[in-house]
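Contents: one structure, followed by commentary.
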Protein chains: 2
Amino acid sequence: MTENQPLFRALADPTRRDILLMLRGTDLTIAQVADNFDMTRAAVKKHLTVLSDGGLITVRAQGRERYNTLNPNAFAPIKDWLSFFDAFWDARLDDLKSAIEKDAQ
Amino acid sequence: MTENQPLFRALADPTRRDILLMLRGTDLTIAQVADNFDMTRAAVKKHLTVLSDGGLITVRAQGRERYNTLNPNAFAPIKDWLSFFDAFWDARLDDLKSAIEKDAQ
DNA sequence: TTGACATGATACCATTTGGTATTATATCTA
DNA sequence: TAGATATAATACCAAATGGTATCATGTCAA
């Protein structure tokens, strides 16, 4: 149940979340991503490694460049985890509903 | 766009995610939560503070005890953030679909 | 009132994390 | 081939993080 840790960790940094948004639609090299931030290429590369470890992106080598691509299935584990709470909310609403109905009698 | 940071940060720790699962259905005091972990009450309290900062739980005082309650609206900001990618996936599928159709001609 | 109990607050510590700087390697291009 | 470019790898640093220990405060119950 804790195998999601690299994924949750990857999303915990604002720079990395921005990178993900940036990768919607286009694949970008490390240098291209780094151009959008006020930090070193090396720092950006570290973030990309964390994103890769979390399964959020995949890296494709092309010559001396590395294109970073958003992984379409990336968020499935998070959505699954969030769904563990849906049943609870439903039950809560049911409780509320029956309480109201009982009150209306 | 970065006001979600406390929320994402709160979810980045496995202990805190376990606490959230634990709070489905029942409200628990700090001591009750701490009984489920191999760490100090103080450490658990810190985690609960982070969860509270992230808007994931609310704390209700009752006598000398503090009951921690899961916040029903907790995950809405995350779901909203994840939805920023849905349009992209859809567009990707549309691209794929039209490519296939074109190929079939 | 007094002692036990639940929590709050603080100081402190080791590890992780986000970042830089530097050097090395590979690849494109003139 | 030589130089420029894109990335890799490593060492290093400051700050944040997860944890403990300790002491203070408030509340329950006899």
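Numbered from 1 within each chain, the chains take letters A, B, ... in sequence-line order.
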**Prompt:** If an axis is fit to five pairs at each end of the helix from C:dT1-D:dA30 to C:dA30-D:dT1, what is the angle between the two, to the nearest 10°?
**Reply:** 20°
**Prompt:** Just to confirm, is there a sub-4.0 Å distance from OP1 or OP2 of C:dG8 to any side-chain nitrogen or oxygen of B:Arg64?
**Reply:** no
**Request:** Scan for ring-ring contact (aromatic ring centres under 6.0 Å, His included) pairs involving residues 3-58 of chain A, sequence neighbours excluded, and state none if there are none.
**Result:** A:Phe8-A:Trp81
**Prompt:** Reckon A:Ala43 touches a base, only the sugar-phosphate, or nothing at all at heavy-atom distances under 4.0 Å?
**Reply:** base
**Prompt:** Does a nitrogen or oxygen in the side chain of B:Lys46 sit under 4.0 Å from OP1 or OP2 of D:dT17?
**Reply:** no
**Prompt:** Expressed in angstrom and rounded to an integer, what is the separation of A:Asp38 atom CG from C:dG18 atom P?
**Reply:** 17 Å
**From C:dT7, C:dG18, C:dT20, nucleotide with atom closest to A:Arg16 side chain** = C:dG18
**Message:** Measure CG/B:Asp53 against P/D:dA16 and give the value in whole Å, please.
**Reply:** 15 Å
**Prompt:** Could you go step by step and tell me if B:Leu28 and B:Asp35 meet the side-chain contact (heavy atoms from CB on, under 4.5 Å) rule?
**Reply:** CA-CA 11 Å; B:Leu28 298 175; B:Asp35 281 344; over 6 Å; no
**Request:** Indicate whether OP1 or OP2 belonging to D:dT20 is found under 4.0 Å from a side-chain N or O atom of B:Thr40.
**Result:** yes
**Message:** Can you confirm whether the side chains of B:Asp27 and B:Thr69 place a donor and an acceptor under 3.5 Å from each other?
**Reply:** yes
**Request:** Output yes when at least one side-chain N/O atom of B:His47 is less than 4.0 Å from OP1 or OP2 of D:dT17, else no.
**Result:** no
**Fill in**
Atom CD of B:Glu65 and atom P of C:dC5 are separated, to the nearest Å, by 13 Å
**Item:** Rounded interatomic separation in angstrom, taking CZ from A:Arg9 and P from C:dT15
**Value:** 17 Å
**Message:** Please report the distance, rounded to the nearest Å, between CG in B:Asn68 and P in C:dA6.
**Reply:** 15 Å
**Prompt:** Does the distance from a Lys or Arg side-chain N to an Asp or Glu carboxylate O, for A:Asp53 and A:Arg16, drop under 4.0 Å?
**Reply:** no
**Request:** Check whether any side-chain nitrogen or oxygen of A:Arg41 sits under 4.0 Å from OP1 or OP2 of C:dA21, and answer yes or no.
**Result:** no
